[in-house]
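All residue numbers refer to positions in the sequence shown, counting from 1.
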Amino acid sequence: MKITDAKVFVGGPGKNYVTLKIMTDQGVYGLGDATLNNRETLPAAYLQDYLIPNLIGMDPRNSEDIWQFFYRGAYFRRGPIAMAAFGAIDMALWDIKGKLANMPLYQLFGGKSRDGAMVYAHATGADLEDLMDSIAHYVALGYKAVRVQCGIPGMPTASYAVPEIRGEGKHYISDFTGIRPKVEVWDSARYMRYMPDALMNIREKFGPDLHILHDVHHRLTPREAAQFAKAVEPANLFWLEDPTPAEDQSALELLRQHSSVPIAIGEVFNSIYDCNRLIEKELIDYIRVAVTYAGGITPVKRIVDLAGLHNIRTGFHGAPSHSPLCMAAQAHLNAWAPNFGIQEYLVLGTPACDALFPSRHRMENGMVYVSDAPGLGVEFDESEAAQYSYTPGSHPIVRLEDGTMWNY
Ligand code: GCO
Ligand code: MG
């Protein structure tokens, strides 16, 4: 069996999804996602210029060797651009494998460990009251877990994932449009004074059963993070995410000495070597890698198994930037993983997205149920894709009030 051709599509409804389609001489094809948020043309070019010419003629069934060929063969290893491109190839090869076996991917991993996998929604508000409305909206929809972010009094601009205007919190998605980044102005002191009580108010209002998550988005120094983690303990969070920038892993040692709040990290990681120390030293409770950015199903399955040895559970990244193909790969892993924890909000469900990527995966009452279709279980409608093209975008940047660059 041979790979005969592969194509890359860039575009989608409101997002520049990078979709890879690998064709074979037996008519079976596979689909994969290489969407690297706001840098989408880069994995696409890597695929087109270097990887696809090598893929043609390979036996698609040898997904492990193909992964090693590209990873080891690049010489310059790792990095999000390369790993997203390898991730798309790996996903597409698993898709082909599943179709050849006539089985959904979770069966190839070891079958189902659960029927539905719990997901969390993103609630947000311009202020705390606005956030409370947004949380109530998701609770009414049946979600058991909600990530909560809100505007901070006195903060010079709206912060990460927070709308400027009240009432937008139900469907708010950060605005990444335009090649020149928007500027947020940040003050950690105001945040640290306000947020612990706000989280406690949310806990009191919604009761003990709701799983409450909060994302610090890399904003605090190690000492501040330790203080903050201790201060939010009474709110009994499901997790505190990215308290510090992820490169400095010693920060977590300090935090662990001061707090037992569960920590989730990993959305910016792209290999097992980014997280093995955090896992082996048990400095985190949830590993947040995404199948796309971390190089595909093959390496992520290894990360999940390593995490399992240390009682660390999964909480895969699932921001709206991931295409339904990445989310499907994660849904299959979530159905199987013995150490599944939670899955971030899914892109399933918007009509335009469903038209581009039809599937029978479904979300009900805050749980995702994976379909039994062979492979990833997601189609890609090329006639729909024809209406979309690449639109440049950029993550916002963050500065302190005196102008110093900070972490978005
Ligand atoms: C999350 C993330 C995202 C990122 C985005 C960057 O927890 O979902 O922090 O919101 O900001 O994916 O590309
Ligand atoms: Mg995050």
Side-chain angles (χ1 to χ4, degrees), residues 120 122-132 134-135 146-164 166 169 172 174 183-206 210-268 278 283-286 288 395-408:
Y120 68 89
H122 284 191
T124 179
D127 56 34
L128 183 57
E129 207 190 313
D130 197 29
L131 170 60
M132 297 286 196
S134 174
I135 300 170
V146 183
R147 189 191 80 167
V148 303
Q149 310 292 135
C150 72
I152 308 294
M155 199 63 92
T157 66
S159 311
Y160 163 71
V162 168
E164 294 276 358
R166 303 185 89 235
Y172 182 72
S174 305
V183 183
E184 289 179 7
V185 181
W186 174 255
D187 175 9
S188 296
R190 284 195 182 96
Y191 170 77
M192 288 177 65
R193 277 200 303 271
Y194 186 74
M195 208 60 215
D197 285 348
L199 291 170
M200 201 51 217
N201 288 342
I202 295 167
R203 171 60 71 212
E204 274 160 11
K205 178 156 178 171
F206 290 92
L210 181 68
H211 298 305
I212 300 172
L213 299 79
H214 180 65
D215 192 346
V216 184
H217 222 255
H218 326 274
R219 301 280 161 100
L220 300 180
T221 65
R223 191 209 60 77
E224 288 168 346
Q227 183 186 342
F228 187 75
K230 192 152 109 188
V232 300
E233 271 184 6
N236 199 21
L237 297 183
F238 184 94
W239 81 30
L240 186 68
E241 180 181 338
D242 288 330
T244 51
E247 303 97 309
D248 174 16
Q249 304 198 342
S250 322
L252 278 307
E253 287 175 24
L254 182 67
L255 190 154
R256 284 298 212 203
Q257 287 159 16
H258 292 273
S259 170
S260 59
V261 69
I263 299 295
I265 290 195
E267 64 179 50
V268 297
L278 292 179
L283 294 174
I284 55 172
D285 301 276
Y286 294 90
R288 294 260 305 132
H395 287 92
I397 58 160
V398 178
R399 290 188 184 276
L400 304 182
E401 281 170 282
D402 69 357
T404 307
M405 272 296 288
W406 204 245
N407 316 307
Y408 173 64

**Prompt:** Looking only at side chains, do Trp406 and Thr404 share a donor and an acceptor under 3.5 Å apart?
**Reply:** no

**Asked** If we only count heavy atoms from C-beta on, is the Ser259 to Gln227 side-chain gap below 4.5 Å?
**Response** no

**Asked** With Trp239, which of Ile263, Ile284, Leu213, Ile212 fulfils side-chain contact (heavy atoms from CB on, under 4.5 Å)?
**Response** Leu213

**Fill in**
When every non-hydrogen atom of Pro245 is compared with those of Asn407, the smallest separation belongs to CG-ND2, 3.4 Å

**Message:** Checking side-chain polar atoms at under 3.5 Å, does Ser250 have a donor or acceptor matched by the opposite partner on Glu253?
**Reply:** no

**Request:** Return the orientation label for the Tyr191 and His214 ring planes: parallel under 30°, perpendicular over 60°, tilted otherwise.
**Result:** parallel

**Message:** Distance check, rounded to the nearest 0.5 Å: Asn236 atom CG versus Met200 atom CE?
**Reply:** 8.5 Å

**Side-chain touch Phe228/Leu240, heavy atoms, less than 4.5 angstrom** = yes

**Request:** Step by step, work out the ring pair (Phe, Tyr, Trp, His ring centres under 6.0 Å) result for Tyr408 and His218.
**Result:** CA-CA 7 Å; Tyr408 173 64; His218 326 274; 8.3 Å; no

**Asked** Is the shortest heavy-atom distance from the side chain of Ile202 to the side chain of Leu128 under 4.5 Å?
**Response** yes

**Request:** Using a strict 4.0 Å threshold on nitrogen-to-oxygen distance, state whether Glu129 and Arg166 make a salt bridge.
**Result:** yes

**Message:** With a 4.5 Å cut-off on side-chain heavy atoms, are Tyr160 and Trp186 touching?
**Reply:** no

**Item:** Which atom of Val162 lies closest to which atom of Gly125, heavy atoms considered
**Value:** CG1-O, 3.3 Å

**Request:** Side-chain contact test, heavy atoms from C-beta onward, threshold under 4.5 Å: evaluate it for Glu241 versus Glu267 and give yes or no.
**Result:** yes

**Request:** Determine yes or no for a side-chain-to-main-chain donor-acceptor pair under 3.5 angstrom, with Arg147 supplying the side chain and Tyr120 the backbone.
**Result:** no

**Request:** For the pair Thr124 (side chain) and Ala161 (backbone), establish whether a donor and an acceptor sit closer than 3.5 Å, ignoring hydrogens and angles.
**Result:** yes

**Shortest non-hydrogen contact between His258 and Lys230, atoms and distance** = O-CD, 3.3 Å

**Within-4.5 Å side-chain heavy-atom neighbours: Ser260 and Glu233** = yes

**Fill in**
Residues at least two apart in sequence or cross-chain that pass side-chain contact (heavy atoms from CB on, under 4.5 Å) with Arg399, listed by chain then number, are Val183, Ile397, Met405

**Message:** I need the Asp187 CG to Arg219 CZ distance, nearest 0.5 Å.
**Reply:** 12.0 Å

**Message:** Within this structure, what is the OG-NE2 distance for the pair Ser174 and His217, rounded to the nearest 0.5 Å?
**Reply:** 7.5 Å

**Item:** Nearest atoms (heavy-atom pairs only) where Val185 meets Glu401
**Value:** CG1-CG, 3.7 Å

**Request:** Report yes if some heavy atom in the side chain of Tyr194 is under 4.5 Å from a heavy atom in the side chain of Met155; otherwise report no.
**Result:** no

**Request:** Mind checking the CD-CG spacing from Glu204 to Asp197? Nearest 0.5 Å is all I need.
**Result:** 9.5 Å

**Message:** Using side-chain heavy atoms (C-beta onward) and a distance below 4.5 Å, is Asp242 in contact with Val268?
**Reply:** no

**Item:** From Leu255 atom CG to Glu224 atom CD, the distance as rounded to the nearest 0.5 Å
**Value:** 12.0 Å

